[in-house]
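Data first, discussion second: the structure below is written as structure tokens.
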Amino acid sequence: MSLRFFNTYSRAPEEFRPIAADGRTVKMYTCGPTVYSYAHIGNFRAYLFEDLLQRHLELRGFKVQRVMNITDVDDKTIRGCQEAGVPLAQFTEPFTEAFFDDLAALRIKRADNYPRATEEQHVAAMIAMIGTLIERGLAYQAEDKSVYFRIKNFAEYGRLAHFNLDELQSTGRVKNDEYEKESVGDFALWKAWDEADGPVRWDSPWGSGRPGWHIECSAMATQLLGEQLDIHCGGVDNIFPHHEAEIAQTEGVTGKQFVRYWMHCAHLQVDAQKMSKSLGNFYTLRDVLAKGYTGREVRYALMRVHYRAPLNFTWEGMDEARQALGRIDEWVARLRAKAAEENVERRTSNAEGRTEAFEEALDDDLNISAALGFLFETIRQTNRALDGGTLDAAAARGWLEWWNRIDTVLALTGEDTSVPANITALGEARAQARLAKEWRKSDELRDELAALGWEIRDTKDGQKITKRGGA
RNA sequence: GGCGGGGUAGCCAAGUGGUAAGGCAGCGGUCUGCAAAACCGCUAUUCGCGGGUUCGAUUCCCGCCCCCGCCUCCA
């Protein structure tokens, strides 16, 4: 079965083949955050989808080069730094760091580069691109001194979004009387400085100002990855105008197809509405962690639904994630215990089966639900074999190997939490009470442990203490 | 109005022209001092609605309804 992804360009699944001659290198660009506040978990849904994509490509042997931009200059960051009374960089830095912390908490792999829009080399690249676009008649400087892209000279404009530009209906978000643009749809490449920008300004052949949002991605992507990318991702709300603009700018300069596969993630919803800063119905990762959930639980909750389907965020969903992870943890722990036993003649048969189904499901446009379905089926079968004593140490090791392989994609293995001394002591006391058949006392100790967040249970091999929820 | 995404059990969700994976929750059972975990069984004659094609449709075709998003700087 081949690897295939749904391409927004064609609105159809397409077999994936990288551009690189080696057939292995994959160049991937993913739109990153604007660092004017903390990212919300809807944003992270997109980053988790991209993480799943990268990890699965790597599992399949591809070498992924990924770039994610950090937008550290725009209207919101400028407004924010002025309100805070600090320089722009000082304002954006803590949010940038918080973003990286959040990525780590969600176990999202680091990209190879996180270029910032304000870096001099990138601003220089943006200016160079704008110059070329003007030379080619694809951009012009208007009376307000800003430079705009001339969409009517780029025939492909609207192709990605499948928009017929003549039929667009204004939602009121665009100001028709905005300066001297030739066409309402022309977007800013270079925004002329005005007083509201304060000290935020760069020199350019068109006067001082700052880059438009879209040009940032075009410049940084081509600088770091080259003129042609294999995959470019983002949320569906980026299709138009952002990605459309990126295509226009980049192809306007290079004359080559910018991106082969455009992949877009559906929104995270709250109460069946898009989670967004402007609606105010959002949770940051910090908000969710503050409720006692872990990054890995959020990872599972946001990753378990196919990326092109809307996902409604609920606390019930978080609890469900916790339970499901507990099931996985328990299974891994049982396999580990069994695997540690003396190797004996392998006599397992009923727990062996196809293990490729997981990866093949992901090959099919990252069908995570089917992949997880297979995982849980496997868990049930191997548990049954463990219960029945028909799964030996060698087989357990085999299943652990399989788990370790698919977990390079899932990144859901629980962290080993060492049991604190006071908890161990309570456990010991309970064991003593049980030996003495002092059931009431042992049950009280069990409750006490539960109140501290530890679960104790009795097995054939004695008591076992595990952290509830968590890690 | 244009362009998309979605509508499958109480909730989340996969899926196929041949009679509905999996997870969570719930109920009953095995195990346990009691639990927990694990396992076993039960929980959609039915896949938004109405037509059509077909031996047979949740799956294909036509029409409609509902939810969500984009339509010029939102992941």
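Values below: every heavy atom of this structure, side chains too, minus hydrogens, waters and symmetry copies. In what follows, chains are A, B, ... by sequence order, proteins preceding strands, each numbered from 1.
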Inter-nucleotide C1' distance (B:G17, B:U59), Å rounded
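Their C1' atoms lie roughly 7 Å apart.
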
C1'-based separation of B:C39 from B:C47 [nearest Å]:
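Straight-line distance between the two C1' atoms is 30 Å.
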
What about [X], does its side chain sit under 3.5 Å from the base of [N] through a donor-acceptor pair?
X        : N     : value
A:Glu377 : B:G22 : no
A:Asp458 : B:C34 : yes
A:Arg446 : B:A35 : yes
A:Arg304 : B:C12 : no
A:Lys191 : B:C73 : yes
A:Arg434 : B:G33 : yes

Charged N to carboxylate O below 4.0 Å: is that the case for A:Arg107 and A:Glu415?
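Judged by the 4.0 Å cut-off on N to carboxylate O distance, A:Arg107 and A:Glu415 do form a salt bridge.
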
Applying a 4.0 Å non-hydrogen cut-off, can you work out what [X] is touching in the nucleic acid: base, sugar-phosphate, or nothing?
X        : value
A:His267 : base
A:Ser442 : base
A:Glu316 : nothing
A:Ser278 : nothing
A:Asp443 : base
A:Ala266 : base
A:Leu268 : base
A:Arg210 : nothing

Checking base pairs now: Watson-Crick or wobble, both atom distances under 3.5 Å. What partners B:G1?
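Matched B:G1 with B:C71 under the 3.5 Å cut-off.
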
Verify the distance criterion only: is there a donor paired with an acceptor across the side chains of [X] and [Y] at less than 3.5 Å?
X        : Y        : result
A:Thr314 : A:Asn312 : no
A:Tyr36  : A:Asp75  : no
A:Asp363 : A:His56  : yes

Just the rounded figure in Å: distance from [atom2] of [N] to [atom1] of [X].
X        : N     : atom1 : atom2 : answer
A:Lys274 : B:G69 : NZ    : C1'   : 7 Å
A:Glu244 : B:C3  : CD    : P     : 15 Å
A:Asn367 : B:A21 : CG    : C1'   : 11 Å
A:Ile239 : B:U72 : CD1   : P     : 14 Å
A:Leu160 : B:C70 : CG    : P     : 16 Å
A:Glu448 : B:A35 : CD    : P     : 22 Å
A:Arg45  : B:C12 : CZ    : P     : 14 Å

Cationic tip of A:Arg4 within the cone over A:Tyr261's six-membered ring, i.e. under 6.0 Å and within 45° of the normal?
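Judged by the rule, A:Arg4 and A:Tyr261 form no cation-pi pair.
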
Can you name the atoms? Protein N/O to nucleotides 25-31 of chain B N/O, anything below 3.5 Å, with the distance.
unit_1: B:A25; atom_1: OP1; unit_2: A:Gln323; atom_2: NE2; d: 3.3

Looking at A:Lys460, I'd like to know whether one of its side-chain N or O atoms comes within less than 4.0 Å of OP1 or OP2 on B:A38.
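No, no such contact exists.
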
By the definition side chain to side chain contact (heavy atoms under 4.5 Å, CB included), identify the one residue from A:Leu103, A:Asp101, A:Thr96 that meets it with A:Phe99.
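Only match with A:Phe99 under side chain to side chain contact (heavy atoms under 4.5 Å, CB included): A:Leu103.
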
Give the table of side-chain donor-acceptor pairs shorter than 3.5 Å for residues 446-455 of chain A, with sequence neighbours excluded, one pair per line with atom names and distance.
unit_1: A:Arg446; atom_1: NH2; unit_2: A:Asp443; atom_2: OD1; d: 3.3
unit_1: A:Glu455; atom_1: OE1; unit_2: A:Arg457; atom_2: NH1; d: 3.1

